[in-house]
Amino acid sequence: MAELRAPRGMHDLLPDDETLFEHVVSTATRVARSFDYHLVRTPIVEDARVFLRTAGDDSDIVSKEMYVFEDRGGDRLALRPEGTAGVARAYLEHGMASRPQPVRLFYWGPFFRYDRPQAGRYRQLHQFGVECIGDPSPEADVEVIELQREIYRALGLTDLVLRVNSIGTPATRRAYEEALREHFRPHLATLSADSRRRFETNVLRILDSKEDAAHEALRTAPSILEHLSVEDMAHWDRVCALLDELDIAYEVDARIVRGLDYYTHTVWEFEPRAAGGQSTVGAGGRYDGLIEAIGGPPTPGVGWATGIERLMLNLTAAELAPVAPPLDAVTVPLGADGAAACARVAASLRAAGFAVRNGTPGRSMRAALRAADASGARFAVIIGDREAAAGTVQLKPLVGGGEQVEMPVLEVPTRLRDAQA
RNA sequence: GUGGGUGUCGCCUAGCGGCAAGGCGCCAGGUUGUGGCCCUGGAGACCGGGGGUUCGAAUCCCCUCACCCACCCCA
């Protein structure tokens, strides 16, 4: 066992996994671009206040999961635990409110949560997310949900369940919280300690509790949907109607309240049908109060994030992981002149767009061909001193049938291209 | 933070008081410059770490660390 290891809950992404990671990111990127969303890269580190002011003091992210540190200049910084607050900060800082609204952005990269690791849960995780900022309409909510669903579909994940809810505006939420308190007050003695604490700090999140999930008080709790104002209800009804219009299947789940305080109106989650522990693949919501919370003008926004590692787990389980594209050729150098010629031929083939490994010089032909075979390359390009002197190569197909052919160096790119078709 | 499980070459596994084995992978060979299958050889392990019991510990006991799984919560 190596003495030095990657930090707890953080992982090296080795070449085999990287193929899948790249597949997820490139697929999501392609779909997002097709909806006119554009990549934004914000720093991995932010002023801690960006998250402290937005996520809510009782959110798990702030209360126990954030990596916070002081830099050498005494600034209080945080490794970003989620993406929306940083993107909102960038929107504000760069005056994106003066661009045509809404501003459609996507991002991907690492996020950090100081959490106890387990299957599908990491201290450094990667998310892909989108934000649609500056449009208060239900149409924007449904656009980002549709975009999310299209990404899952493009990846081949068609068995995800979409659960949707509305948590209204802060005003209706406050009224609902009062109703919830009245409902839970008589049951306080029998609820878990965690729920009793939430009763004071954030009563909504009692509904989140799995510890008390079977408690009678949770089953009989009033639904937030019954407490929506007329305006909230209009927004919610429109979201449902648009989802129906687009044939996006969903289930209404009044217990989804989201872990972060900044959400308003529509909130949702995508989960595999065979739900296990850490199963949520992606989740999102509307966050009309967030930009105000970090010092900007009232600005509506809606977005979601999806866990790249969790997508990778689901794709692997469903055998939807792609195989890496094969190497086009490996050179087999024999002798000093052959080695020099191999390097030149490899360079010219790469310039022509092929992926070429230059074979290790000094090996026996047997060993070199074994290595070429193990690489999975389509062709071996054999050059010994004889071929080097003649300006030719022995082009040997490594997969399927096909005879080895000696040909001038200049003909090799054409042959490789023909063989691709 | 709370439970449970597991630690033996790079990976997977056997051994469960008496010389640490095997498979995969890696390297080199199997007579001239030709891969896969097969065969031979090689490198690679202070058996997670520390302490104890014993003539003798990978093996039994204690402590510790790490990882995994689950809870909590979430991506």
Side-chain angles (χ1 to χ4, degrees), chain A residues 1-11 14 16 24 55 58-65 80-84 108-129 148 192-195 197-198 205 208-213 256-260 269-272 275-284 304-314 330 332-335 338 359-360 362-388 394-400 402-404 406:
Chain A
M1 193 57 61
E3 187 187 352
L4 295 176
R5 309 171 53 97
R8 185 170 170 75
M10 305 194 183
H11 299 279
L14 300 179
D16 285 349
V24 170
D58 191 51
S59 70
D60 283 344
I61 279 181
V62 165
S63 63
K64 59 183 192 189
E65 292 177 8
R80 61 185 188 183
E82 59 96 24
T84 303
W108 66 270
F111 295 87
F112 302 85
R113 294 183 191 174
Y114 190 86
D115 215 350
R116 191 82 178 259
Q118 70 181 78
R121 191 176 68 188
Y122 312 106
R123 286 187 175 181
Q124 178 177 334
L125 58 126
H126 294 81
Q127 293 188 335
F128 184 102
Q148 190 173 10
S192 66
D194 209 34
S195 290
R197 186 179 52 80
R198 290 173 183 174
R205 299 200 60 236
D208 255 346
S209 172
K210 283 183 181 129
E211 199 177 343
D212 287 328
I256 295 177
V257 293
R258 306 273 69 221
L260 305 178
E269 295 178 356
F270 278 89
E271 254 191 302
Q278 308 301 317
S279 57
T280 301
V281 156
W304 51 261
T306 194
I308 294 177
E309 286 86 356
R310 288 192 184 174
L311 283 172
M312 291 167 69
L313 286 172
N314 278 277
V330 172
V332 174
L334 299 167
T360 308
R363 288 184 169 181
S364 70
M365 183 128 168
R366 179 201 290 275
L369 277 173
R370 277 181 180 159
D373 185 63
S375 76
R378 299 157 54 226
F379 288 94
V381 176
I382 304 164
I383 308 177
D385 293 347
R386 283 205 309 261
E387 288 79 10
Q394 302 283 349
L395 188 67
K396 180 182 178 65
L398 293 174
V399 292
E403 288 298 301
Q404 173 175 320
E406 180 167 6

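First the proteins, then the strands, lettered A, B, ... as listed; each starts at 1.
Remark: A/Gln127 engages no residue in a side-chain hydrogen bond (donor to acceptor under 3.5 Å, both in side chains) (not counting sequence neighbours). Legend: residues meeting side-chain contact (heavy atoms from CB on, under 4.5 Å) with A/Leu311, ordered by chain and number and at least two apart, are A/Val24, A/Tyr152, A/Leu155, A/Leu157, A/Val281, A/Thr306. A/Glu406 meets the side-chain hydrogen bond (donor to acceptor under 3.5 Å, both in side chains) test with A/Thr392, A/Gln394; sequence neighbours excluded. Qualifying side-chain contact (heavy atoms from CB on, under 4.5 Å) partners for A/Ser364, counting only residues two or more places apart in sequence or in other chains: A/Arg366, A/Ala367. In this structure, A/Ala374 has no side-chain contact (heavy atoms from CB on, under 4.5 Å) partners at least two apart in sequence or on a different chain. Contacts of A/Phe379 classified as ring pair (Phe, Tyr, Trp, His ring centres under 6.0 Å), with partners at least two apart in sequence or in another chain: none. Considering only residues two or more places apart in sequence or on other chains, A/Glu269 meets the salt bridge (Lys or Arg N to Asp or Glu O under 4.0 Å) condition with A/Arg258. Annotation: side-chain contact (heavy atoms from CB on, under 4.5 Å) contacts of A/Gln124 (sequence neighbours excluded): A/Met10, A/Pro110, A/Phe112, A/His126.
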### Task
Quick one, give me the B/S/- string for nucleotides 1-6 of chain B, reading 5' to 3', where B means a protein heavy atom under 4.0 Å from the base and S means that only happens at the primed atoms, P, OP1 or OP2.
BBB---
### Task
Starting at the 5' end of nucleotides 32-39 of chain B, put B wherever the base has a protein heavy atom under 4.0 Å, S where only the sugar-phosphate does, and a dash everywhere else.
-BBBB-B-
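The pair A/Asp115-A/Arg123 does not meet the salt-bridge criterion, since no charged nitrogen lies less than 4.0 angstrom from a carboxylate oxygen.
At a cut-off of 3.5 angstrom, counting only N and O atoms as typed in the model, there is no donor on one side facing an acceptor on the other between the side-chain of A/Arg5 and the base of B/A66.
Stem list for RNA chain B (at least 3 consecutive Watson-Crick or G-U pairs, distances under 3.5 Å): B:1-7 with B:65-71, B:10-13 with B:21-24, B:26-30 with B:38-42, B:48-52 with B:60-64.
Comparing B/C68, B/C74, B/A70 by their nearest atom to the side chain of A/Ala119 picks out B/A70.
Toward the 5' end of RNA chain B, the nearer of the two residues A/Arg8 and A/Phe270, judged by each one's closest nucleotide, is A/Arg8. Where A/Leu125 and A/His11 meet RNA chain B, the nucleotide closest to each residue was compared, and A/His11 sits on the side nearer the 5' end.
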